[in-house]
**Q** 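Okay, handing you the structure first.
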Amino acid sequence: MAASGLAAQTTPAPTAPTDKVYSSLTTRWGRQVTPANAWQSYPRPHLKRAAWKNLNGLWDYAIAPANAPRPARMDGQILVPFAVESQLSGVGRRVTPDDRVWYRRTFTVPAEWRDSHVMLNFGAVDFAATVWVNGAVVGSHQGGSDSFGFDIAAFLRPGENEVVVQVADPTSAGSQPRGKQSLTPNGIWYTATSGIWQTVWIEPVPKLHIADVRATPDIDRGVVEVDVALSGWAEDTDAVRLTASAGGKRIASTVIRANRHASLSIPAARLWSPDDPFLYDLTAELVTVRDPYAGQSERDRHAYDARFTERERDTYSTAQVSGAPRDRVESYFGMRKIAVGAGPVRGQPTLLLNNKPVFQNGTLDQGWWPDGLLTPPSEEAMRSDLVFLKSAGFNMVRKHIKVEPARYYYDADHLGILVWQDMPSGGGEDQFVTGSSQSQAVMSADMMAQNQNELTRMVGQLRGFPSIVMWVVNNEGWGQYDSATLARYVKGMDPSRLVNADSGWLDVAPGVSDVFDLHTYEDVPHVPTRQSARAIVIGEYGGIGLPVDGHVWRPGKRNWGYQTATDRQDYLARYRRKLTEVIRQAREEGLSASVYTQTTDVEDEINGLLTYDRAVSKAPAADLARIAAPLSEGRLVSK
């Protein structure tokens with residue numbers, strides 16, 4: 001059933017009962033969603049502009065066969081940014097690989113943007129999208145988890161404009177990265193989602209504008225390294241002014257040549273950590289400077305260059321900025337360091353945060369919702385999971401084979417939660433390497449290219465968030481291929497973070513991966529094999545199931561868990577035993593981190609600390625926090 005305030009404005013669309021999503025479970029946040037309030041926050045907090053227009057809300061939609069032309073008549077309305085299969089979309093229909101989803105809406109461009117270029121941006125569309133504006137194709141994109149945009153200035157007209165989006169999504173019938181989505185959901189595999197599932201917006205930019213800002217802290221040197229990429233070719237008079245500040249007070253500022261590297265000194269830096277998630281503001285402005293070569297002969301130009309080092313020329317130390325900034329974006333950064341080094345157990349490396357051992361106690365976090373599926377009902381709802389985990393004594397989440405909206409990582413940055421970010425898995429079923437296999441899967445060149453493209457975009461788009469401390473390349477052999485090469489590639493892109501090449505099962509990159517990642521769902525202690533150069537982590541354990549009447553996905557159907565508690569008292573006793581028996585001994589042998597399965601129930605899977613609708617905690621957060629508290633001291637409560 002659609003959310004209150006949406007049903008009256010939405011035309012039901014299913015063509016047969018089997019097209020409908022089978023559960024009516026909702027969240028308290030989902031019941032508050034309307035077309036007017038659906039995801040209104042600026043969606044890109046690391047590249048924030050003041051002027052923008054949100055295009056979320058009701059769009060026309062239709063589902064048609066792949067070989068059919070654009071529908072002359074749409075099926076009804078859908079609430080963007082919720083996937084077609086979700087309740088909150090107002091549609092709730094299944095999409096097959098032979099279908100195409102069509103979207104349509106009109107929009108007007110504010111009059112004050114008339115001298116600007118206009119970007120049409122999509123937070124994420126699953127999977128392959130083609131976009132038209134006023135009947136002309138403006139671009140296409142493949143990738144279910146990354147953001148993209150097109151400059152549509154050349155296609156706009158005065159007054160009302162039309163945008164049309166066509167989406168194809170093979171889901172589990174294809175080989176593309178998709179995480180746990182399945183056309184036949186059951187157990188640990190969840191309902192397939194298709195189409196637009198994150199915010200759509202437009203914003204004005206100059207023709208040459210700031211395309212990316214990347215800030216990398218170096219606490220040992222007391223600097224933050226900043227790279228600003230522009231959208232195209234820059235002249236000698238194009239420059240970028242960077243300003244770091246805290247609490248409204250300027251800390252450092254410099255002017256650099258366009259598309260050049262900069263270092264800003266951050267003296268006596270206040271370090272970011274889960275206990276003190278302090279963040280610095282960073283502003284990047286595209287400015288015009290006086291041409292240093294103006295009026296000079298070729299000989300004079302060479303003489304000018306010879307007086308300065310390359311770094312001095314790049315920083316424009318004597319540049320004169322003229323006029324107002326042509327583009328301005330707001331960003332931020334945290335001064336923190338993640339590394340592997342000596343720990344409390346002699347000879348066994350451990351995870352270090354800001355050069356000190358910090359035990360990372362986290363949960364496996366799927367990020368699914370009963371009413372929104374891939375899309376949280378709201379940012380408040382999404383943030384609530386992190387708030388709960390903090391109150392329950394966790395300082396880390398492993399974002400499990402899903403990429404969240406960028407606001408999720410913004411919230412983790414501000415709340416102080418460490419994040420292990422998984423790459424969504426892909427491949428066909430026969431390319432899922434079993435636990436006993438000794439060789440990796442074989443992929444075609446096209447499969448590898450798609451996976452590597454999406455891996456590149458994930459790292460590129462998320463590496464500005466200080467909460468992310470580890471990239472997880474593969475999970476349990478699901479579409480695992482050439483993991484050592486991929487791990488080296490990720491480490492080359494982002495040497496400031498740790499790389500987990502293989503989480504569980506087939507460990508084939510010991511010389512590249514920063515961690516040795518075990519998965520265990522047994523109640524008996526597991527003593528890990530010592531590692532000379534890698535930290536030891538348990539990337540999955542736990543899995544205590546407890547169905548709660550009135551809060552399950554499919555009432556009356558068999559649920560799935562690694563083990564099942566009889567009641568909440570039994571649940572808490574089992575949870576305590578997991579930490580005191582499984583984690584305690586491993587911790588004493590040098591374990592650096594543990595990831596409990598999992599934050600919430602998801603569809604048929606009932607292993608969560610919270611029910612799927614987030615209405616019931618299966619154990620009081622205070623009790624969970626009390627049990628976990630000694631982890632930071634290397635001891636655990638047994639009673």
Side-chain angles (χ1 to χ4, degrees), residues 43-44 47 49 51-81 83-84 95 98-170 176 194-212 230-233 327 450 453-454 457:
R44 195 174 51 203
L47 201 68
R49 289 187 172 88
W52 70 294
K53 184 175 182 178
N54 197 319
L55 296 187
N56 291 341
L58 290 174
W59 292 48
D60 299 325
Y61 91 97
I63 301 176
N67 60 357
R70 173 182 168 181
R73 181 179 179 181
M74 305 299 271
D75 293 344
Q77 289 188 306
I78 184 171
L79 181 55
V80 169
V84 178
V95 176
D98 296 325
D99 291 328
R100 296 295 180 265
V101 184
W102 292 84
Y103 295 82
R104 177 194 176 275
R105 70 157 289 166
T106 59
F107 65 95
T108 57
V109 177
E112 57 269 27
W113 298 5
R114 61 181 176 271
D115 295 327
S116 300
H117 285 246
V118 177
M119 293 296 299
L120 171 61
N121 297 308
F122 295 82
V125 179
D126 195 3
F127 159 70
T130 302
V131 182
W132 291 259
V133 171
N134 295 326
V137 174
V138 299
S140 60
H141 177 81
Q142 287 192 350
S145 300
D146 54 289
S147 63
F148 60 96
F150 307 112
D151 185 340
I152 61 172
F155 306 92
L156 296 174
R157 58 194 180 201
E160 190 173 77
N161 294 271
E162 178 193 62
V163 56
V164 172
V165 182
Q166 183 210 58
V167 180
D169 185 15
Q176 79 290 347
S194 305
I196 299 171
W197 68 277
Q198 290 187 32
T199 294
V200 185
W201 78 103
I202 56 174
E203 62 186 350
V205 296
K207 182 177 181 181
L208 180 67
H209 56 271
I210 296 170
D212 198 4
L230 301 184
S231 61
W233 180 268
D327 191 18
Q450 185 62 42
N453 283 341
E454 295 196 47
R457 295 174 195 147

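Because the structure is a prediction, the values reported are computed rather than measured.
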**Q** For the residue pair Ala62 and Met74, what are the closest heavy atoms and their distance?
**A** N-CE, 3.8 Å
**Q** Got a salt bridge between Glu162 and Arg157, using NZ or NE/NH1/NH2 to carboxylate O under 4.0 Å?
**A** no
**Q** Which residues satisfy the ring-ring contact (aromatic ring centres under 6.0 Å, His included) test with Phe148, sequence neighbours excluded?
**A** Phe122, His141, Phe150
**Q** Measure the CZ-CZ distance between Arg70 and Arg104 for me, rounded to the nearest 0.5 Å.
**A** 6.5 Å
**Q** What I want to find out is whether Lys53 reaches Glu112 closely enough, with some N-O distance under 4.0 Å, to be called a salt bridge.
**A** no
**Q** Does the pair His117 and Glu203 meet the rule for a side-chain contact (heavy atoms from CB on, under 4.5 Å), with working shown?
**A** CA-CA 8 Å; His117 285 246; Glu203 62 186 350; over 6 Å; no
**Q** Give the intermediate values and the outcome of side-chain contact (heavy atoms from CB on, under 4.5 Å) for residues Asp151 and Val118.
**A** CA-CA 6 Å; Asp151 185 340; Val118 177; 5.5 Å; no
**Q** Looking at Leu47 and Ala211, what are the two nearest heavy atoms and their distance?
**A** CD2-O, 3.4 Å
**Q** Working to the nearest 0.5 angstrom, can you tell me the gap between Ile152 CD1 and Met119 CE?
**A** 9.0 Å
**Q** Distance-only, no hydrogens or angles: does the Arg105 side chain make a donor-acceptor pair with backbone N or O of Leu55 under 3.5 Å?
**A** yes
**Q** Could you tell me whether the side chains of Asn56 and Thr199 share a donor-acceptor contact shorter than 3.5 Å?
**A** yes
**Q** Taking only residues two or more places apart in sequence, or in another chain, which ones meet Glu454 in a salt bridge (charged side-chain N to carboxylate O under 4.0 Å, His left out)?
**A** none
**Q** List the steps, then state whether side-chain contact (heavy atoms from CB on, under 4.5 Å) holds for Val131 with Val164.
**A** CA-CA 6 Å; Val131 182; Val164 172; over 6 Å; no
**Q** Evaluate the side-chain proximity of Val200 to Val80: yes if any heavy-atom separation is below 4.5 Å, no if none is.
**A** yes
**Q** If we only count heavy atoms from C-beta on, is the Val163 to Leu120 side-chain gap below 4.5 Å?
**A** yes
**Q** Got a donor-acceptor contact below 3.5 angstrom from the Trp197 side chain to the Gly144 backbone?
**A** yes
**Q** Has Asp115 got a side-chain atom pairing as donor or acceptor with Trp113's backbone, closer than 3.5 angstrom?
**A** no
**Q** Looking only at heavy atoms, what is the nearest atom pair of Pro43 and Trp52, with distance?
**A** CD-CZ3, 3.8 Å
**Q** Using side-chain contact (heavy atoms from CB on, under 4.5 Å), reason through Val167 and Tyr103 one step at a time and then give a plain yes or no.
**A** CA-CA 8 Å; Val167 180; Tyr103 295 82; 4.0 Å; yes
**Q** Is there side-chain contact between Ser147 and Arg44, with at least one heavy-atom pair below 4.5 Å?
**A** no
**Q** With no hydrogens and no angle check, is any side-chain donor or acceptor of Asp75 less than 3.5 Å from a backbone partner on Ile63?
**A** yes
**Q** Could you report the tightest heavy-atom contact between Ser116 and Pro204, atom names first, then the distance?
**A** CB-CB, 3.7 Å
**Q** Heavy-atom distance under 4.5 Å between the side chains of Thr130 and Val137, does that happen here?
**A** yes
**Q** For the ring pair Trp59 and Trp102, is the centre-to-centre distance below 6.0 Å?
**A** no
**Q** Ignoring hydrogens and geometry, is there a side-chain-to-backbone donor-acceptor pair from Asp60 to Gln77 under 3.5 Å?
**A** no
**Q** Which atoms form the tightest heavy-atom contact between Phe127 and Asp169, and what is the distance?
**A** CB-OD1, 3.6 Å
**Q** Ignoring hydrogens and angles, tell me if any N or O in the side chain of Ser231 forms a donor-acceptor pair with the backbone of His209 under 3.5 Å.
**A** yes
**Q** To check you understand the geometry: which heavy-atom pair defines the closest contact between Ile210 and Arg49, and what is its length?
**A** O-NH2, 2.8 Å
**Q** When you measure from the side chain of Asn161 to the backbone of Thr108, do you find a donor-acceptor pair of N or O atoms at a distance under 3.5 Å?
**A** no
**Q** Rounded to the nearest 0.5 Å, how far apart are CG of Asp126 and OG of Ser145?
**A** 6.5 Å
